[in-house]
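Accompanying notes for the structure given below.
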Amino acid sequence: MKDTDLPRSNFVRDWISADAASGKYGGRVRTRFPPEPNGYLHVGHAKSIMLNFGLAEEFGGKCNLRFDDTNPIKEEAEYVESIIEDVRWLGGDFGERPVYASDYFQQLYDWAVELIKKGKAFVCDLSGDQMRESRGTLTEAGTNSPYRERSVEENLDLFARMKDDEFPNGSRTLRAKIDMASPNLNMRDPVMYRILHAAHHRTGDQWCIYPMYDWTHGQSDSIESVTHSICTLEFEDHRPLYDWYLDQLGVFHPQQIEFDRLSLTYTVMSKRKLLQLVQQGVVEGWDDPRMPTIGGMRRRGYSSQGLRDFARNLGVTKTSGLTEFENLEYYIRGDLNKTSPRVMTVLRPLKLVLTNYPEGQVEMVEAVNNPEDEDAGTRSVPFGREVWIEQDDFREEPPKKYYRLYPGNEVRLRYGYIIKCHDVVKDPDTGEVMEVHCTYDAETRSGQQTRRVKSTIHWVPAAEAISVEVRLYDKLFNVENPNEAPDGQDFTANVNPKSLEVVHGKAEPSLASAQPGDRYQFERLGYFCADKSSQAELLVFNRTVELRDAWAKLQKRS
RNA sequence: UGGCCGGUCGUCCAAUGGUAGGACACGGGCCUUUGGAGCCUGGUAUGGAGGUUCGAAUCCUCCCCGGCCAGCCA
């Protein structure tokens, strides 16, 4: 991470800053980013990554990447790999290797034994249903388990046998002995261990009992000397339990701090829902460019820097807000504008013939690679009698304020000449415009001191053009908050059926060397990224984000 | 009708008893060989009612609204 990536001021930063200044934890700061490897990371995680890694860096500390891998049923090594890749891509520096909650299974077990010996934990034989019934409700206290007063000896014996594979799944649990009447449900004798005969992606068959999140997280933080354990709002109710475990053990006690998770308009963020989109084939996979996953955004063409800029400027508070997608796009455009080479591509080609331009003649015109970056230099583009222009850039009958090409009007061909339309060729059957005929003004070649016209349009030389497939992505959902579904339906009812349109366009020859992952600005259209499915014969581009479009906005209004 | 946490421009955040400010979005203008970028500029926001105070977004009381919690998920 670069120092420009430091988080802006927020209450978490203030908190840590105050602790660092007062010498709490010896002035030391250590954080951690603790994903469960049960899915791919999404843009919401990017916020947490920026916060945790950024804060550690700012205060001269470290941030661990720790996998919260305590539920082997949901977790896979594949997810571990993708998470590592995404964190690195976002610039998170977690040192040589990540750490794992599963590294601490033995220590956690030993500590559980310690709690049993202190009379603070017991083996419970209640079934899942029974436990739910005895837990009480939001308004009524629960009732004590009939197994709550087992002797320490019996508990020790039973717990050891749980570990030693003697009991079937679900038959027993180890529970903390706290308070079944607590208004905080998390404190009503929470389960610490459950029996799960399942292979773990790292520990294999070594364990058949697995620790619960609450029994794992705080202790893992403590083992790693984490000073500030930053998590999302839904864990607020868990903090008393986090504190209780640490206090019973008398070990190093980190501070849990909760902040609001990121919600974005027109998308969903829960892993469960993202998984559903993948499984139902709504999208092509976790890295579908329409997905809010880090992988999807990367494939779509979002840059690491752009994403970091966005995440860094997010508010970190305790309100649960809904951030507009436009805010994200602003930062993506901002970075892409500075870094992307320009190129001319026509998405929906319309043939334009310069009737006074000599047949067979080709000249090279000089095009600027990036007006935001002089060092990017220029390139030559062949120019001839026939070129492709965008269908949108010609109207036989122009609406008001339409500055582009129409019969009798002049426009400039970018980097070329000023041209004037004098005729159209139509399909005799459909009346569709097949060709636009223009004359060019030889005195107006680009670079010469010349008159001005209202509009400049892009073009591609017909003879030298290469064909490209372009995937035009739109919002995955057609409502701001897809989670609010119509009665009786789930969020997929809000899927935008037009979130992907595939067109076949023409591009200037310089684009032929594009490699998967390369990003460009297609002049006047937007930012595009070469997709991994590109072949030598046919390059495929994903539209990352459109350029701001004053004309489109004007049209929309009228 | 249990507990916890929150309510400030359309949206996301600042202001920590002393002129309610920024970003995005939106509107107007300038500039322009990208209707891009950039620049300038505008606006009807402190959920409500009381109270404390010279002074309240901030402190107190009550009310209203929203989020989270009843997994052997995290």
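Not measured: the values here are computed from a predicted model. Residue numbers begin at 1 in each chain, while the letters A, B, ... track the order of the sequences.
Across all strands, A:Phe235 comes closer than 4.0 Å to base atoms (heavy-atom distances). As judged by a 4.0 angstrom heavy-atom cut-off over every strand, A:Lys553 is placed among residues touching the sugar-phosphate backbone only. Base contact: A:Ser127 has a heavy atom under 4.0 Å from a base atom. The residue A:Arg135 sits close only to the backbone: its heavy atoms come under 4.0 Å of sugar-phosphate atoms, none of a base. At the heavy-atom level, A:Tyr415 lies under 4.0 Å from base atoms of the strands shown. A:Thr137 comes within contact range of at least one nucleobase, with a heavy-atom separation under 4.0 Å. Among the protein residues, A:Met212 comes within range of the sugar-phosphate backbone only, with heavy atoms under 4.0 Å from sugar or phosphate atoms but none that close to a base. Using a 4.0 Å heavy-atom distance criterion, A:Arg412 is classed as a base contact. Using a 4.0 Å heavy-atom criterion, one finds that A:Tyr402 contacts the bases of the nucleic acid, with or without backbone contacts as well. Heavy atoms of A:His238 sit under 4.0 angstrom from at least one base atom. When heavy atoms are screened at a 4.0 angstrom cut-off, A:Gly142 is found touching no nucleic acid atom at all. Within the 4.0 angstrom heavy-atom criterion, only backbone atoms of the sugar-phosphate kind lie near A:Asn71; the bases stay farther away.
One interatomic measurement links the two molecules: CG of A:Asn10 to C1' of B:C12, which rounds to 13 Å at whole-angstrom precision. Whole-Å rounding puts the A:Arg333 CZ to B:C24 P distance at 12 Å. We find that CD1 of A:Ile332 is positioned 20 Å from P of B:G36, with the value rounded to whole Å. Between A:Ile457 atom CD1 and B:G36 atom P the separation is 16 Å, expressed in whole Å. Whole-Å rounding puts the A:Leu547 CG to B:G38 P distance at 11 Å. Here B:C24 presents its C1' atom at 11 Å from CG of A:Leu314, a figure rounded to the nearest Å. Spacing between atom NE2 of A:His200 and atom P of B:A74 amounts to 10 Å, rounded to whole angstrom units. Between A:Phe325 atom CZ and B:C24 atom P there is a gap of 17 Å when expressed in whole angstrom units.
With C1' as the reference atom, B:C4 and B:U46 are 24 Å apart, rounded to whole Å. Taking the P atoms as reference points, B:G38 lies 22 Å from B:G43, given to the whole Å. The same atom, C1', is picked in B:A57 and in B:G2; the two are 30 Å apart, to the nearest Å.
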Report task. Quick one: do A:Tyr242 and A:His238 satisfy ring pair (Phe, Tyr, Trp, His ring centres under 6.0 Å)? Show the steps, please. Result -> CA-CA 6 Å; A:Tyr242 179 103; A:His238 293 247; over 10 Å; no
Requested in this report: Show your reasoning for whether side-chain contact (heavy atoms from CB on, under 4.5 Å) applies to A:Tyr193 and A:Thr173.
Outcome: CA-CA 6 Å; A:Tyr193 274 94; A:Thr173 56; over 6 Å; no
Query raised in the report: Could you walk me through whether A:Asp103 and A:Arg202 pass the salt bridge (charged side-chain N to carboxylate O under 4.0 Å, His left out) check?
Result: CA-CA 9 Å; A:Asp103 291 339; A:Arg202 291 188 73 243; 3.0 Å; yes
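Regarding contacts with the backbone of B:U34, every side-chain N or O of A:Thr456 stays at 4.0 angstrom or more from both OP1 and OP2. Between A:Arg194 and B:A74 there is a side-chain N or O to OP1 or OP2 distance below 4.0 Å. The side chain of A:Arg452 places no N or O atom within less than 4.0 Å of a non-bridging phosphate oxygen (OP1 or OP2) of B:C31. Taking 4.0 angstrom as the limit, A:Arg342 places none of its side-chain polar atoms (N or O) nearer than this to OP1 or OP2 of B:U34. Considering only side-chain N and O atoms, A:Arg188 lies nowhere under 4.0 angstrom from the phosphate OP1 or OP2 of B:C69. Taking side-chain N and O atoms only, A:Arg557 has a distance below 4.0 Å to OP1 or OP2 of B:G28. For B:C72, neither phosphate oxygen OP1 nor OP2 lies less than 4.0 angstrom from any side-chain nitrogen or oxygen of A:Arg175.
At a threshold of 4.0 Å, the pair A:Arg148-A:Asp189 counts as salt-bridged, since one of the basic side-chain nitrogens sits closer than that to a carboxylate oxygen. Salt bridge absent: A:Arg32 and A:Glu224 never bring a charged side-chain N and a carboxylate O closer than 4.0 Å. Using a cutoff of 4.0 Å between basic side-chain nitrogens and carboxylate oxygens, A:Arg261 and A:Glu234 are scored as salt-bridged.
Looking only at atom types and distance, the side chain of A:Lys420 has no donor-acceptor partner in the side chain of A:Asn409 under 3.5 Å away. Between the side chains of A:Asp221 and A:Ser229, at least one donor N or O sits under 3.5 Å from an acceptor N or O. Remark: the A:Gln521 side chain and the A:Glu523 side chain contain no N/O donor-acceptor pair separated by less than 3.5 Å.
Across the interface with RNA chain B, nearest-nucleotide mapping of A:Tyr330 and A:Lys74 shows A:Tyr330 to be the residue nearer the 5′ end. Ranked by how close their nearest RNA chain B nucleotide is to the 5' end, A:Pro35 and A:Asp14 are led by A:Asp14.
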Query raised in the report: How does protein contact run along nucleotides 2-11 of chain B, one letter per nucleotide 5' to 3', with B for base contact, S for sugar-phosphate only, - for none, heavy atoms under 4.0 Å?
Result: BBSSSS--BS
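RNA chain B is contacted by A:Pro371, A:Glu372 of residues 363-372 of chain A, taking any non-hydrogen atom closer than 4.0 Å.
Anti is the classification of B:G38, since its glycosidic angle lies more than 90° from 0.
Counting only Watson-Crick and G-U wobble pairs whose two distances sit under 3.5 Å, RNA chain B takes part in these stems of three or more pairs: B:2-7 with B:64-69, B:10-13 with B:21-24, B:26-30 with B:38-42, B:47-51 with B:59-63.
Using cut-offs of 30° and 60° on the angle between ring planes, the pair A:Tyr331 and A:Phe310 is tilted. Using cut-offs of 30° and 60° for the angle between ring planes, the A:Tyr210 and A:His200 rings count as parallel.
Within the 3.5 Å criterion, the main-chain N or O of A:His42 finds a donor-acceptor partner in the side chain of A:His45.
Taking the ring axis of A:Phe491 as reference, the NZ or CZ atom of A:Lys273 stays within 45° of it and closer than 6.0 Å to the ring centre. A cation-pi geometry, defined here as NZ or CZ lying under 6.0 Å from the six-membered ring centre and within 45° of its normal, does not hold between A:Arg161 and A:Phe167. No cation-pi contact links A:Arg395 to A:Tyr406, judged by a cut-off of 6.0 Å to the six-membered ring centre and 45° from its axis.
Residue A:Tyr213 and nucleotide B:A74 are not classified as a stacked aromatic pair, given the requirement of ring centres less than 5.5 Å apart at an interplanar angle below 30°.
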